[in-house]
Amino acid sequence: MIRRRWYTACLARIKAKGSTADFQQVKVVIRAFTMKAVVILCAMLALSECLVRVPLFKMKTIRETMQEKGLWEEFRKKYPSNPMAKFSSEPGTEPMTNNADLSYFGVISIGTPPQSFKVVFDTGSANLWVPSIYCNSAACGNHQKFDPTKSTTFVNEGTSLSIQYGTGSMTGFLGSDTVEVRSSFYLQVGGIQVLNQVFGLSQTEAQFMYYMQADGILGLAYASEAVDGVLPVFNNMVQQSLVPNSYFSVYLSRNSESGNEVIFGGYDPSHINSQLNWIPVSSQAYWQISMDSITINGNVVACNGGCQAIVDTGTALIVGPDSDISNINNIVGATSSNNGEVSKVSVYITFSVIFCVTLKSQYYGCTTGFENSFSNGIGTGLWILGDVFIRENYVVFDLGGNYVGLAPLA
């Protein structure tokens, strides 16, 4: 029944994007296959209309913006980063922190008629929220704001919402409406429409969010981490039979600002040259997996004997225990007084197979891509594999099977 409903939705998306003749031809071809064959066909064809590819656009980070203005040091001290904060909470609460290096966003729309927003697709949180017209904070003034009075399908859920940040908070209330995850930045066609999706409407926002280019956040972590027991967007896609499979994938290009994407309900094998390696999720809250070791030049430099890691699209760098990060940075020659020069070196992160992250210079000085956790003992031993890792490795997040699939990029 689930596959049949998805099949009908898939044909509807094809019909919406092509001519009647094209639709009839595709319809005849698809009906000549079994339902299982349709799923395989749609997963393998690069131009498949059955899978929704959501483009991710690379934006200027807060760090880059502040450095251009000569304000980075002042900003860094005023809004300190605590990347481990979002993973140290009790279930159902969601502390977050200023992340000055986030650079990818996608576009969604909410309401009828649709109102568009730029959001971070964040596997390290579980709620969807956007600014609302009821927000008077400076952070809302330069972002798109949702107006529930202009949507004929909006319902006020009558529940308040509060998300704590390392340097402030976001408060608001919950509502429900039609949310469309769009496959085009410019055209409102070809996406996935999720009915009755509960989301947050902000009324106050932390000051540092003024500098974010994205308007809000769309969380893709497990439902257990959602504030107020809200069912996350992808869970609703699965429950409403809007996707053929209960997994989604993330591709971040190594060098290009284009081609980055999230695919809901499948993955694109053209991004990899080998099979996916499926690693069991060790804790079904975030996308947490067991990591074997981290080595440089054949020598174990961290995670000796194994440790835990969270794959997080909402974190820019690779974050780890302070002593381990300091050790890695010392080995590659990264100091605050070396004029931004570090050795070009490959760091190998081992699960059941080996994955490589190559350190290289960035535009503003040089960053190794590794960051201290600043955890103060919270989450001791935990690592976060952020965008630096994902730009080297294709990631599939399997909600139905509770696995993370990894393979080096082609």
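Values below: every heavy atom of this structure, side chains too, minus hydrogens, waters and symmetry copies.
E157 and S176 share a donor-acceptor pair across their side chains, judged by distance under 3.5 Å alone. Side chain to side chain, D122 and T313 fail the donor-acceptor criterion of an N or O pair below 3.5 Å. For T171 and S162, the side-chain atoms include no donor-acceptor pair closer than 3.5 Å. With 3.5 Å as the limit, one finds a donor-acceptor pair spanning the side chains of N402 and Y222. Q144 and D215 share no side-chain donor-acceptor pair at under 3.5 Å.
Two residues are said to be in side-chain contact when any heavy atoms from C-beta on lie closer than 4.5 Å; L201 and W129 fail this criterion. Proximity of Y104 to L252: side-chain heavy atoms (C-beta onward) are separated by under 4.5 Å at one or more points. No side-chain heavy atom of I289 sits less than 4.5 Å from a side-chain heavy atom of Q308. Residues L128 and I108 meet the side-chain proximity criterion, which asks for heavy atoms closer than 4.5 Å. Side-chain contact check for V301 versus T295: every heavy-atom pair is 4.5 Å or farther apart.
Atom-to-atom distance recorded for N235:CG and Q197:CD is 9.0 Å, nearest 0.5 angstrom. Here the CD atom belonging to E180 is positioned 12.0 Å from the CG atom belonging to D177, to the nearest 0.5 angstrom. Of the inter-residue distances, the one linking I110 atom CD1 with D147 atom CG reads 12.0 Å to the nearest 0.5 angstrom. Separation of atoms CG (L406) and CG (L385) is listed at 8.5 Å; rounding is to 0.5 Å. Put simply, CD on E225 and CD on Q284 are 11.5 Å apart, with the number rounded to the nearest 0.5 Å. In this structure, N327 CG and I296 CD1 are separated by 7.5 Å, a value rounded to the nearest 0.5 Å.
The aromatic rings of W278 and Y267 sit perpendicular to each other, their planes meeting at more than 60°, with 30° as the lower class boundary.
Closest non-hydrogen pair, E261 versus H271, comes out as OE2-NE2, 3.1 Å. Listed here is the closest heavy atom pair of P408 and I272: O-CG2, 3.5 Å. Closest of all the heavy-atom pairs between F234 and N245 is CZ-O, 4.1 Å. The two residues A139 and A206 make their nearest non-hydrogen contact at CB-O, 3.5 Å. Closest approach of H143 and M209 over heavy atoms only: CE1-O, 3.2 Å. Pairing each heavy atom of A214 with each of V120, the nearest pair is CB-CG2, 3.8 Å.
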Chi angles and distances behind the side chain to side chain contact (heavy atoms under 4.5 Å, CB included) call for W383, I318: CA-CA 7 Å; W383 288 75; I318 295 176; 4.0 Å; yes

Evaluate the criterion ring-ring contact (aromatic ring centres under 6.0 Å, His included) for residue pair W287 and F397; output intermediate values, then yes/no. CA-CA 8 Å; W287 295 98; F397 301 87; 5.3 Å; yes

Using the ring-ring contact (aromatic ring centres under 6.0 Å, His included) rule, take F146 and F199 through it: C-alpha gap first, then chi angles, then the decisive distance, then the call. CA-CA 11 Å; F146 181 72; F199 66 102; 5.4 Å; yes

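Under a 3.5 Å cut-off, the side chain of D312 and the backbone N or O of G124 do form a donor-acceptor pair. At distances below 3.5 Å, not a single donor-acceptor pair connects side-chain atoms of D387 with backbone N or O atoms of I390. Looking at S132, its side chain does come within 3.5 Å of a backbone N or O of S202 through a donor-acceptor pair. D228 places no side-chain N or O within donor-acceptor distance of the main-chain N or O of V230, the cut-off being under 3.5 Å. R391 places no side-chain N or O within donor-acceptor distance of the main-chain N or O of G386, the cut-off being under 3.5 Å.
For CZ of F154, the number of neighbouring non-hydrogen atoms (other residues, nucleotides, ligands) closer than 6.0 Å is greater than 12.
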